[in-house]
Amino acid sequence: MTSYPHLLAPLDLGFTSLKNRVLMGSMHTGLEEHSNGFERMAAYYGERASGEVGLIVTGGVAPNRSGWVGPFSAKLTNRKEMQEHRMITSAVHERGGKIAMQILHAGRYGYHPLAVAPSRIKSPISPFSPWPLPGFAVEKTIQDYVDCAALAQEAGYDGVEIMGSEGYLINQFIVELTNKRKDKWGGSFENRIRFPVEIVKRTREKVGKEFILIYRLSMLDLVNDGSNWEEIVGLGKAIEDAGATIINTGIGWHEARVPTIATSVPRAAFTFVTKKMKSELSIPLICTNRINTPEVAEKVLAEGHADMVSMARPLLADADFVKKAREGRSEEINTCIACNQACLDHVFKRKIASCLVNPRACHETEINVQESKSSKKIAVIGAGPAGLSFACTAAQRGHKVSLFDKAKEIGGQFNMAKIIPGKEEFHETLRYYDKQLKLHDVDLRLGREVAGQEITDGKYDDVVIATGVKPRALSIPGIDHEKVLSYIQVLHGAPVGKEVAIIGAGGIGFDVAEFLVHEGESPSTDLSLFLKEWGLDPKLEVRGGINHGIKPEVAPPARKVHLLQRTKGKIGAKLGKTTGWIHRASLKHKQVNMIDGVSYNKVDDEGLHYTRDGKSHVLKVDHVIICAGQLPERSLADDLRDRNLNIHLIGGAYEARELDAKYAIDQGTRLGVSI
Ligand code: FAD
Ligand code: NAP
Ligand code: SF4
């Protein structure tokens with residue numbers, strides 16, 4: 001008897017069967033456009049097939065040039081391009097998997113001057129005004145979808161997914177906001193949905209009955225004047241009649257100002273939307289967004305929210321997610337913490353995607369954990385993300401690793417991150433590492449502050465210093481005043497007054513502000529609070545699911561917070577590309593006062609004195625909290641200098657300036673595979 005009977009049950013599609021209910025959702029990786037990208041994608045998708053995922057969907061591929069997401073991004077329009085895809089389909093099929101290719105036309109989201117759309121209406125997230133498609137070009141575009149699907153079939157794919165959500169071209173036809181046409185492709189609802197329905201109908205005619213055709217239906221647009229529920233159901237039915245095999249769920253256009261996948265979104269927050277659709281349609285439905293553990297996936301399936309679950313980022317984080325669940329080893333799953341730092345943030349910067357908790361993702365041909373030819377004795381000082389990733393990787397290769405930390409628990413700074421409201425997922429990374437240390441017999445010594453003299457010559461073949469960072473000391477007059485606290489004191493429980501100023505608006509400044517304004521249950525763990533905070537309609541009755549009289553409801557802040565930075569300009573400009581706006585919006589909901597372009601004068605009994613635009617100000621606060629960045633903690637490394645030891649510095653101990661957990665884990669892993 002398996003623990004996940006619904007998740008691991010096969011899905012019979014009539015002409016074929018999927019081995020379980022997990023769909024690896026489409027994710028652009030950047031490999032699509034890379035010089036040896038197809039070899040790398042073959043390795044990447046191949047590993048996910050070995051990990052037993054039921055059906056993989058590739059990143060989006062354009063059916064023509066105007067459908068590119070960016071200049072020269074992936075397209076499939078001829079047989080030469082088709083041949084390359086065979087590398088991917090063979091790799092997946094050899095490992096017993098199934099794979100569908102996503103066909104994505106970006107429409108007005110195309111970040112290039114050839115972008116087209118139903119009407120000439122610029123999107124708020126692209127500088128390019130799209131060219132309106134003349135009627136003959138609409139027909140041609142439909143044919144391009146059909147031809148693209150036929151080429152995908154020839155390349156050996158088991159199916160295609162027609163991307164009809166997230167605000168891309170198809171969505172732009174469906175919604176009046178972006179479709180002002182007067183011809184048969186615009187105006188009435190029937191006219192506006194003609195484009196997707198014709199694509200599905202004609203694709204089905206071309207590819208025959210025995211080919212999986214998934215349609216990604218925007219079930220919640222989250223933009224003003226998006227579709228209403230009646231229209232979405234009507235479209236779903238028309239798509240079913242047109243010949244789709246499965247309907248996948250899309251939540252939120254890219255331009256929507258509601259978080260849909262960030263770590264502060266509760267797990268499985270949007271599966272209720274798919275559940276509502278279940279009673280309307282008869283083909284299998286897939287639910288999606290923030291499903292990241294087998295337990296959550298099993299629960300939504302058992303409760304009848306959908307027939308399958310889509311997980312994209314969780315399969316970047318762990319290729320063996322399904323296999324581990326099937327083998328009763330879910331504790332060993334490296335869980336996606338929904339940070340977006342190495343996946344989406346990379347893609348938006350046109351870098352190759354990876355994963356903060358799994359640097360091997362999309363780098364399978366480059367980072368390989370192979371048994372070491374000789375077993376070394378290695379001491380690792382510091383059990384933060386850098387030390388943990390190194391220790392687990394090196395031990396997995398057969399080295400004898402002793403891991404020391406002066407703290408009583410593993411995790412380093414992650415132990416502060418995990419208590420920030422909205423960052424509860426960070427617990428999972430520590431659970432994962434705890435399990436890996438045990439599995440690979442790492443000799444863990446907690447509560448041990450290591451001093452130079454303990455590391456004697458000859459005791460260890462290599463010494464890895466992963467001692468992290470220390471807060472930057474400031475020299476503002478009054479810095480020793482009793483009102484001044486470090487972020488570490490605050491996050492370790494120091495009492496904090498009702499009005500505070502935070503010096504430094506980087507990642508930690510924002511997190512400390514979030515910590516200080518919240519009281520009680522966090523919206524990230526309570527769906528009804530989350531829906532209220534972002535003004536969403538839980539009944540799905542209003543157009544687009546948002547606004548139209550629904551006012552966001554936010555619990556009052558626990559205290560008044562002022563967040564300051566010296567740099568002139570947007571506060572927190574260096575926060576993650578895809579998450580920074582959420583952090584800023586969330587603090588605005590709590591009326592945090594953000595002040596840029598300041599110079600700090602002093603702290604005294606009155607509060608924090610600063611100058612801005614030549615004028616002096618005083619914030620009469622109870623406490624001033626310092627979040628002004630970090631410096632490397634190298635006292636141990638300095639102690640060991642000039643000794644005859646093989647010393648390696650990683651993580652914050654090596655470099656504090658560009659340090660985050662992504663950097664620390666990547667560096668630890670890379671040293672682990674090469675030592
Ligand atoms: P650390 O995590 O600092 O670990 C160093 C370890 O070494 C510590 O456990 C320390 O006890 C130990 N140590 C030091 N000296 C000795 C000694 N002599 N003997 C024994 N042990 C010793 N990063 C992100 O990427 N994304 C985030 O969302 C994010 N959020 C954060 C939120 C907060 C509130 C904080 C504080 C940090 C956050 N970070 C985040 C930063 C991230 O946690 C750090 O970049 C990362 O932990 C650095 O890893 P590290 O292993 O180099 O150092
Ligand atoms: P940080 O992001 O570099 O921010 C440091 C802040 O301190 C800046 O706002 C800086 O702004 C200010 N500062 C720097 N020197 C100062 C000085 N001498 N006096 C006064 N202010 C000064 O560093 P952090 O907040 O400590 O974060 C550490 C790392 O963890 C970062 O890499 C960060 O990305 C990561 N992290 C990420 C997240 C996330 O959500 N992704 C969350 C937490 C932490 P001014 O110079 O303009 O004053
Ligand atoms: Fe998940 Fe973060 Fe990895 Fe992306 S980088 S897959 S969000 S853990």
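Order of appearance sets the numbers: ligands from 1, and atoms from 1 within every ligand.
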With 2.8 Å as the limit, jot down which protein N, O or S atoms are around atom 3 (Fe) of ligand 3. C355 SG
Please identify each residue that fulfils salt bridge (Lys or Arg N to Asp or Glu O under 4.0 Å) with E454, with sequence neighbours left out. R448
Near G651, which atoms of ligand 1 are under 4.0 Å from a heavy atom of that residue? 52 (O)
With backbone taken as N, CA, C and O and side chain as the heavy atoms from C-beta onward, which portion of A466 lies under 4.0 Å from ligand 1: side chain, backbone, both, or neither? backbone
Quick one: does L491 get a heavy atom under 4.0 Å from ligand 1? yes
Provide, to 0.1 Å, the distance between atom 37 (C) of ligand 1 and the closest protein heavy atom, together with that atom's residue and name. Q413 OE1, 3.3 Å
Of all the atoms in ligand 1, which lie at a distance below 4.0 Å from a heavy atom belonging to G382? 6 (C), 7 (O), 12 (C)
Among pairs that include at least one residue of residues 564-589, which meet salt bridge (Lys or Arg N to Asp or Glu O under 4.0 Å), considering only residues two or more places apart or in two chains? K568-D613
Would E425 and T335 count as a side chain to side chain donor-acceptor pair (under 3.5 Å) if you check the C-alpha gap in whole Å, the side-chain angles of each, and the deciding distance to 0.1 Å? CA-CA 8 Å; E425 293 290 359; T335 305; over 6 Å; no
For G652, the ligand 1 atoms with a heavy-atom partner under 4.0 Å come out as 52 (O)
Side chain or backbone, does Y487 bring an N or O within less than 3.5 Å of an N or O on ligand 1? no
Enumerated ligand 1 atoms positioned under 4.0 Å from heavy atoms of V450: 17 (C), 18 (N), 19 (N), 20 (C)
Residue pair I381 / K406, side-chain heavy-atom distance below 4.5 Å: no
Taking only non-hydrogen atoms of V469 and a 4.0 Å limit, the atoms of ligand 1 in range are 3 (O)
Would K423 count as a polar contact of ligand 1, with the cut-off being nitrogen or oxygen pairs under 3.5 Å? yes
Just to confirm my output: which protein heavy-atom neighbour is closest to atom 21 (N) of ligand 1, and how far is it? K406 N, 3.0 Å
Tell me whether atom 43 (O) of ligand 1 lies less than 4.0 Å from at least one protein heavy-atom position. yes
Counting only nitrogen or oxygen atoms and a 3.5 angstrom limit, does A386 reach ligand 1? yes
Which protein heavy atom lies closest to atom 11 (O) of ligand 1, and at what distance to 0.1 Å? D405 OD1, 2.7 Å
Taking distance alone, with N or O pairs closer than 3.5 Å, would you say E633 contacts ligand 1? no
Protein heavy atom under 4.0 angstrom of atom 27 (C) of ligand 1, is there one? yes
Identify, by atom number and element, the atoms of ligand 1 in contact range of F426, meaning under 4.0 Å from any of its heavy atoms. 27 (C), 28 (O)
Provide the number and element of each atom of ligand 1 under 4.0 Å from a heavy atom of L356. 25 (O)
Side chains of E33 and H28: any donor to acceptor distance under 3.5 Å? yes
Does the side chain of E52 come under 3.5 Å of the side chain of S50 through a donor N or O and an acceptor N or O? no
Whether Y654 and Y663 hold their rings parallel, tilted or perpendicular, with breakpoints at 30° and 60°: parallel
Is the contact between Y663 and ligand 1 made by the side chain, the backbone, both, or neither, using heavy atoms and a 4.0 Å cut-off? neither
Relative to the heavy atoms of I381, which atoms of ligand 1 are at a distance of less than 4.0 Å? 17 (C), 19 (N), 20 (C)
Please output the residues near ligand 2 using a strict heavy-atom distance under 4.0 Å, listed in chain and residue-number order. Q341, K423, R472, L474, I503, G504, A505, G506, G507, I508, D511, Q565, R566, T567, H583, Y600, C627, A628, G629, Q630, L659, D660
Determine whether any heavy atom of P385 lies closer than 4.0 Å to an atom of ligand 1. yes
So is A653 polar-close to ligand 1, meaning N/O to N/O under 3.5 Å? no
For A661, is at least one N or O under 3.5 Å away from an N or O on ligand 1? yes
Which class fits the ring pair Y610 and H617: parallel under 30°, tilted 30 to 60°, perpendicular over 60°? parallel
Test of understanding: given a 4.0 Å heavy-atom threshold, classify the contact between A664 and ligand 1 as side chain, backbone, both, or neither. side chain
Answer side chain, backbone, both or neither: which part of I508 comes under 4.0 Å from ligand 1, heavy atoms only. side chain
Residue and atom name of the nearest protein heavy atom (relative to atom 14 (C) of ligand 1), distance in Å to one decimal: T467 O, 3.3 Å
